[in-house]
Amino acid sequence: MGTMISQQLKERFQTLLGRYPVKRSALVPMLLFAQDEIGYVSEEIVEEICRTLDLPRIEVIEVVSYYTMLRRKPAGKFHLQVCTNVSCMLLGGESIYDHCRKRLGIENKQTTSDGTFSLEEVECIGACVGAPAAQINYDFYENLTPEKIDRIIESLTAQGK
Amino acid sequence: MSDYKNPMGESPHQVPVLTKRFGIENSASIDVYLQHDGYKGLEKALTMTSDQVIDEVKKSNLRGRGGAGFPTGMKWGFVPRQSPKPKYIVCNADESEPGTCKDRPLIEKDPHQLIEACIIAGWALESHQGYIYVRGEYRYLIDILDRALGEAYSKGYLGDNIQGSGFKFNLYTHTGAGAYECGEETALLNSLEGLRGFPRIKPPFPAIVGLYGAPTVVNNVETLANIPHILLNGGEWFAKLGCERNGGTRLFCLSGQIARPGIYELPMGFPLRKMIYEVGGGLRDGKKLKAVIPGGSSCPVLTADEIDVPMDFDSLGKIKSMLGSGGVIVIDEDTCMVKLLQRIMQFYAHESCGWCVPCREGTAWIKKLLDRFHAGFGRPDDPDTVADIAGNIMGKTLCPLGDAAAMPTLSIVSKFRHEFEEHLRLGACPHEKAPAPVS
Ligand SMILES: Cc1cc2nc3c(=O)[nH]c(=O)nc-3n(C[C@H](O)[C@H](O)[C@H](O)COP(=O)(O)O)c2cc1C
Ligand code: SF4
Ligand code: FES
């Protein structure tokens with residue numbers, strides 16, 4: 001048994017379909033919203049979208065593999081995305097990223113064995129004036145220091161239990 | 001548990017036009033918007049003809065805030081009057097140029113300003129449908145916009161008969177899912193059609209053949225946000241806010257090693273030196289300035305001796321750099337320019353869509369070469385090789401991402417050549433305690 005597609009998500013798909021003269025246009029939003037709900041682009045999602053949009057599987061997979069936010073496997077419950085691009089790098093973004101690697105004992109795009117955290121080094125997330133910055137799931141964290149990241153990880157660990 | 005704070009900076013030099021409602025409580029709601037000049041620009045536009053609206057935008061000297069600085073009125077003028085296909089308005093909210101984070105508060109704090117702008121653009125171009133393309137990472141902005149769109153529909157500012165005028169306009173949000181290249185307007189259109197974000201060959205330009213093969217205007221969030229103000233106060237008023245051929249204000253994102261980072265709304269043509277030292281409070285910890293990236297990481301870098309320049313499209317063009325997207329990145333004396341370039345190229349190598357060879361191969365090779373060079377294993381001819389590869393990307397690619405990678409490279413290799421020489425002499429990076437491992 002795989003993941004089920006909720007009624008809410010199906011309704012969201014229908015709303016999306018009403019927005020475009022060409023159905024296929026709904027593809028990227030559908031994939032992202034489905035991932036938001038299920039955690040990744042599961043096989044069921046791919047099949048459901050192929051059916052809804054009348055697309056061959058390969059054309060959906062092709063699009064999934066192009067966009068960096070879309071993933072075919074679950075990430076951790078808390079997906080830490082640390083920006084190391086220029087504005088962040090100038091204020092220590094790389095050491096924040098290294099600190100996370102060591103603290104969590106995982107490398108880029110890996111997940112901790114208990115599934116609580118995953119880590120990713122990302123490009124600019126549009127929080128440059130609050131550098132160094134990170135996104136955890138969709139939440140932004142700014143002016144990071146190793147101590148601050150430690151506190152955030154601790155509080156999320158408590159929440160994750 | 002997000003700890004995201006208001007990114008707006010404070011400075012007496014600011015001229016709040018686009019940001020004038022930011023401080024008001026509930027500024028994102030339609031009620032607050034309506035109490036503060038909201039939808040008045042649209043009401044005025046609806047009493048004017050399409051040509052009159054476009055003329056007003058032409059008079060304003062508004063130029064595209066997405067990066068290229070193309071005159072907006074002229075772009076609107078390219079859209080054919082008669083079209084057998086429906087025309088489209090597309091707002092580019094993909095904001096991914098490193099150092100740039102201004103479109104985000106514009107949507108977060110004042111979504112109706114953007115919505116009103118899109119409707120006015122629709123009226124001016126006789127278009128009845130529009131999309132706001134928001135980068136996936138800004139997922140929360142989709143919710144803010146959807147809520148605001150709902151309010152606009154219920155108050156009759158969107159829909160089949162806007163304010164009883166008979167004009168019909170529908171506007172929707174659309175989300176990307178992580179790809180810098182999707183900010184390029186033709187790649188964005190492909191993404192909006194459910195394809196991978198590969199660019200299209202220009203010409204034809206989107207104004208003639210755009211979304212679904214129909215005439216389409218693609219404008220940046222900040223560009224559009226100016227439109228209601230231009231309609232309400234007149235093109236001439238707007239032109240006078242800025243400097244010659246550069247109307248209005250600009251949202252500058254001051255980041256990097258600056259004492260007071262933040263987004264500041266300043267008149268076009270504001271002096272860069274004053275921006276760094278008065279608005280931004282100078283460098284952190286009293287350090288000395290080494291370099292400035294004036295408009296996002298694609299721009300040629302300026303040295304500390306080149307900052308006596310007005311921040312407008314033409315003045316920066318004259319010194320062979322660009323105003324770009326408004327991302328001003330300040331770099332201090334302790335920063336290694338080789339490392340900086342390495343990180344910039346890591347970005348472009350990652351984001352190259354791979355469609356054309358010079359960009360796909362060139363960016364990856366420059367990045368690899370710089371990894372090695374910065375780690376202390378450089379060869380004397382490496383700087384020339386890097387410049388040579390960049391020269392072979394410049395102007396030879398399908399879309400401007402290739403140029404965006406080549407320009408900072410060429411500027412850093414030529415203006416900071418001495419730092420490359422120093423690495424060679426020391427066999428290590430002079431700014432790092434121990435040589436960095438090769439990655
Ligand atoms: C690689 C690349 C990325 C771009 N990213 C953006 C972006 O994120 N936002 C944006 O408004 N324009 C971006 N642009 C510029 C757009 O192609 C286009 O010029 C702009 O949206 C036009 O709007 P404007 O005239 O209002 O500036 C990008 C261009 C390139 C080549
Ligand atoms: S220049 Fe780069 S990003 Fe643009 S089409 Fe070529 S490979 Fe793709
Ligand atoms: S460079 Fe890190 S958020 Fe922009």
Side-chain angles (χ1 to χ4, degrees), chain A residues 16 18-33 35-36 53 55 59-60 62-70 81 83-91 93-94 122-131 133 135-144 148 152 155-156 159, chain B residues 1-5 7 9 86 95-101 103-104 129 131 135-140 170 172-180 182 191-197 212 253-257 261-263 284 293 297 327 329-332 335 339-340 343-344 346-347 350-351 353:
Chain A
L16 285 171
R19 294 182 177 178
Y20 311 95
V22 176
K23 277 203 290 195
R24 184 185 177 130
S25 275
L27 180 54
V28 176
M30 276 183 174
L31 288 165
L32 190 71
F33 294 148
Q35 174 170 295
D36 284 351
L53 301 181
L55 285 175
E59 291 190 24
V60 174
E62 202 172 74
V63 165
V64 174
S65 67
Y66 176 87
Y67 294 90
T68 52
M69 286 176 73
L70 300 175
Q81 301 144 84
C83 174
T84 59
N85 207 312
V86 180
S87 304
C88 290
M89 181 199 91
L90 290 171
L91 297 176
E94 295 189 330
V122 293
E123 298 299 353
C124 180
I125 50 175
C128 325
V129 302
Q135 235 185 330
I136 303 179
N137 300 343
Y138 283 119
D139 292 335
F140 287 87
Y141 295 83
E142 302 183 340
N143 303 304
L144 294 172
K148 192 165 168 185
I152 295 168
S155 115
L156 293 177
Q159 242 177 281
Chain B
M1 209 190 91
S2 178
D3 74 341
Y4 169 66
K5 282 184 265 341
E95 184 156 83
S96 337
E97 173 78 10
T100 317
C101 50
D103 295 341
R104 180 176 169 188
Q129 190 124 320
Y131 298 96
R135 69 180 293 188
E137 292 85 349
Y138 288 173
R139 178 69 183 71
Y140 76 111
N170 287 311
Y172 305 102
T173 52
H174 183 95
T175 166
Y180 169 66
C182 287
S191 179
L192 192 40
E193 291 187 22
L195 303 164
R196 289 174 290 176
Y212 311 119
C253 317
L254 266 178
S255 75
Q257 287 143 340
I263 303 171
R284 285 194 183 209
I293 301 176
S297 73
I329 309 174
V330 176
I331 298 155
D332 78 12
T335 304
K339 169 68 193 162
L340 183 88
R343 186 58 187 85
I344 292 176
Q346 181 180 324
F347 170 70
H350 182 255
E351 299 299 330
C353 81

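Every chain is numbered from 1 and lettered A, B, ... according to where its sequence line falls, protein lines coming before strand lines.
When heavy atoms are compared at a cutoff of 4.5 Å, A:T84 approaches chain B by way of both its backbone and its side chain. Only the backbone of A:V122 comes within less than 4.5 Å of a heavy atom in chain B; its side chain stays farther off. Heavy atoms of B:T100 lying under 4.5 Å from chain A belong exclusively to its backbone. At a 4.5 Å heavy-atom cutoff, the contact between B:I293 and chain A is made by side-chain atoms alone. In this structure, the portion of B:R104 lying under 4.5 Å from any heavy atom of chain A is its side chain and not its backbone. Residue A:E62 touches chain B through both its backbone and its side chain, counting heavy-atom pairs closer than 4.5 Å. Both the backbone and the side chain of B:Q346 come within contact range of chain A, judged by heavy atoms closer than 4.5 Å. For A:E94, the part sitting under 4.5 Å from any heavy atom of chain B is the side chain, from C-beta outward, and nothing else. Heavy atoms of A:N137 lying under 4.5 Å from chain B are absent altogether.
Most heavy-atom pairs under 4.5 Å with chain A: of the set B:S297, B:P261, B:G197, this distinction falls to B:G197. Between chain A and the options B:A177, B:G194, B:A179, heavy-atom pairs under 4.5 Å are most frequent for B:A177. Of all the listed residues (B:Y140, B:Y212, B:Y180), the one sharing the greatest number of non-hydrogen pairs under 4.5 Å with chain A is B:Y212. For the options B:G176, B:G262, B:C353, heavy-atom pairs under 4.5 Å to chain A are most numerous at B:G262.
For the atom pair A:Y138 OH and B:E137 CD, the distance stands at 8.5 Å (nearest 0.5 Å). A:K23 contributes atom NZ, which lies 16.0 Å from atom CD of B:E193 (distance to the nearest 0.5 angstrom). For the atom pair CE of A:M30 and OG1 of B:T175, the computed distance is 13.5 Å after rounding to the nearest 0.5 Å. With rounding to the nearest 0.5 angstrom, the SG atom of A:C128 is 7.5 Å from the CD atom of B:E95. For the atom pair A:N85 CG and B:I329 CD1, the distance stands at 7.5 Å (nearest 0.5 Å).
The two residues B:C101 and A:G126 have their closest heavy-atom pair at CB-O, 3.2 Å.
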Notebook entry, point to check: Under the side-chain contact (heavy atoms from CB on, under 4.5 Å) criterion, do A:R19 and B:N170 qualify, and how do the steps go?
Noted result: CA-CA 9 Å; A:R19 294 182 177 178; B:N170 287 311; over 6 Å; no
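Note on ring orientation: taking the six-membered ring where Trp is involved, the planes of A:Y20 and B:Y131 are parallel (angle under 30°, cut-offs 30° and 60°).
Looking only at distances, a side-chain donor or acceptor of B:Q257 sits under 3.5 Å from a matching main-chain atom of A:L90. Checked by atom type and distance alone, the side chain of A:S25 pairs as donor or acceptor with a backbone atom of B:L192 at under 3.5 Å. The backbone N or O of B:G178 lies less than 3.5 Å from a partner atom in the side chain of A:T68, making a donor-acceptor pair. No donor-acceptor pair closer than 3.5 Å links the side chain of B:R343 to the backbone N or O of A:M89.
With a 4.5 Å cut-off on side-chain heavy atoms, A:I125 and B:Y138 do not count as touching. The shortest side-chain heavy-atom distance between B:C182 and A:Y66 falls under the 4.5 Å cut-off. Counting heavy atoms from C-beta outward, B:P98 and A:E123 have side chains that stay 4.5 Å or more apart. Side-chain contact between A:Y67 and B:S191: present, with at least one pair of heavy atoms (C-beta onward) separated by less than 4.5 Å. When side chains are defined from C-beta on, B:R139 counts as touching A:L32, because their heavy atoms get closer than 4.5 Å.
Taking the salt bridge (Lys or Arg N to Asp or Glu O under 4.0 Å) definition, one finds that A:R24 meets it with A:E59, sequence neighbours left out.
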